[in-house]
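We number each residue from 1, following the sequence as shown. Being a predicted model, the structure only gives us computed values, none of them experimental.
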Amino acid sequence: ASGEVSGMFQRDEIDEILGELGPIMKKILPKHPPTNENLYEFFINRVKQNLHVVLCFSPVGEKFRTRSLKFPGLFSGCTMDWFMRWPKEALVEVSNHFLSTYAMDTPDDVKLSIIESMAVIQDGVAETCVEYFNRFRRQTHVTPKSYLSYLAEFKGFYSVKYAEIKMLASRMETGLAKLLEASQSVAELSEELVVKEKDLEVASKEADVVLQEVTVSATAAEKVKASVQKV
């Protein structure tokens with residue numbers, strides 16, 4: 001909180017800084033002798049006046065409380081701006097910024113509904129945090145960072161699930177193709193079987209005719225044989 005970080009500069013770096021500040025201090029503070037102590041004090045005061053550091057802390061978790069206890073100058077020596085939750089319109093704009101260009105296998109109207117639902121969910125959680133505090137007097141927060149994390153998590157989850165569903169769909173398409181191929185093969189074999197059955201029926205009739213002829217010839221041969229034996 002004093003504005004000085006001990007051990008930040010080496011001795012030769014400090015000498016170089018003080019040497020450059022000598023003419024400047026003579027012009028601004030002509031009554032101050034240019035000793036090392038006065039030059040260094042002049043340097044620290046200029047740093048305090050011209051160096052502005054913006055620190056952003058989230059109230060979520062224990063880190064905020066721990067830092068406030070370890071570094072009280074963050075509160076006693078700083079100007080604090082407390083940012084309230086984003087309005088629903090801003091949540092929709094942020095969601096639209098991150099999801100409008102994100103590839104999703106959905107119609108445009110469905111994608112727009114998803115973008116708006118992300119904001120509705122975040123705003124609903126924020127309302128629940130207020131109700132939780134009013135009921136139990138315990139503070140909990142949803143911050144812009146948590147909303148950005150929520151959007152990033154949704155995109156990652158969507159990519160994983162989309163890849164899984166696409167893989168399952170590919171397997172199903174392969175299975176359906178195999179079933180269609182098998183159905184076509186069965187149909188072709190059925191047609192061949194019909195033709196084969198007709199050929200078999202014709203062959204069977206021909207075989208019956210031949211069998212009858214053979215039977216008649218055998219009977220005639222037996223008669224001839226019997227006549228020969230009598231002679």
Under the rule for side-chain contact (heavy atoms from CB on, under 4.5 Å), what residues qualify as partners of Asn134, not counting sequence neighbours? Val130, Arg137
Please check if the side chain of Lys88 supplies one atom and the backbone of Val120 the other of a donor-acceptor pair under 3.5 Å. no
Look only at the side chain of Ser204 and the backbone of Leu200, and say whether a donor-acceptor pair between them is shorter than 3.5 Å. no
Within the 4.5 Å heavy-atom criterion, are [X] and [Y] side-chain neighbours or not?
{"X": "Leu18", "Y": "Tyr40", "value": "yes"}
{"X": "Pro34", "Y": "Phe42", "value": "no"}
{"X": "Val142", "Y": "Trp86", "value": "no"}
{"X": "Val202", "Y": "Lys198", "value": "no"}

So which atom in Leu99 and which in Phe154 form the shortest heavy-atom distance, rounded to 0.1 Å? CD2-CD2, 4.1 Å
Search all heavy atoms of Tyr147 against all heavy atoms of Met118 and return the closest pair with its distance. CE1-O, 3.8 Å
Which residues satisfy the salt bridge (charged side-chain N to carboxylate O under 4.0 Å, His left out) test with Glu131, sequence neighbours excluded? none
Inter-residue atom distance [X].[atom1] - [Y].[atom2], 0.5 Å rounding:
{"X": "Glu188", "Y": "Ser183", "atom1": "CD", "atom2": "OG", "answer": "10.0 Å"}
{"X": "Met104", "Y": "Ile114", "atom1": "CE", "atom2": "CD1", "answer": "3.5 Å"}
{"X": "Leu55", "Y": "Arg67", "atom1": "CG", "atom2": "CZ", "answer": "9.0 Å"}

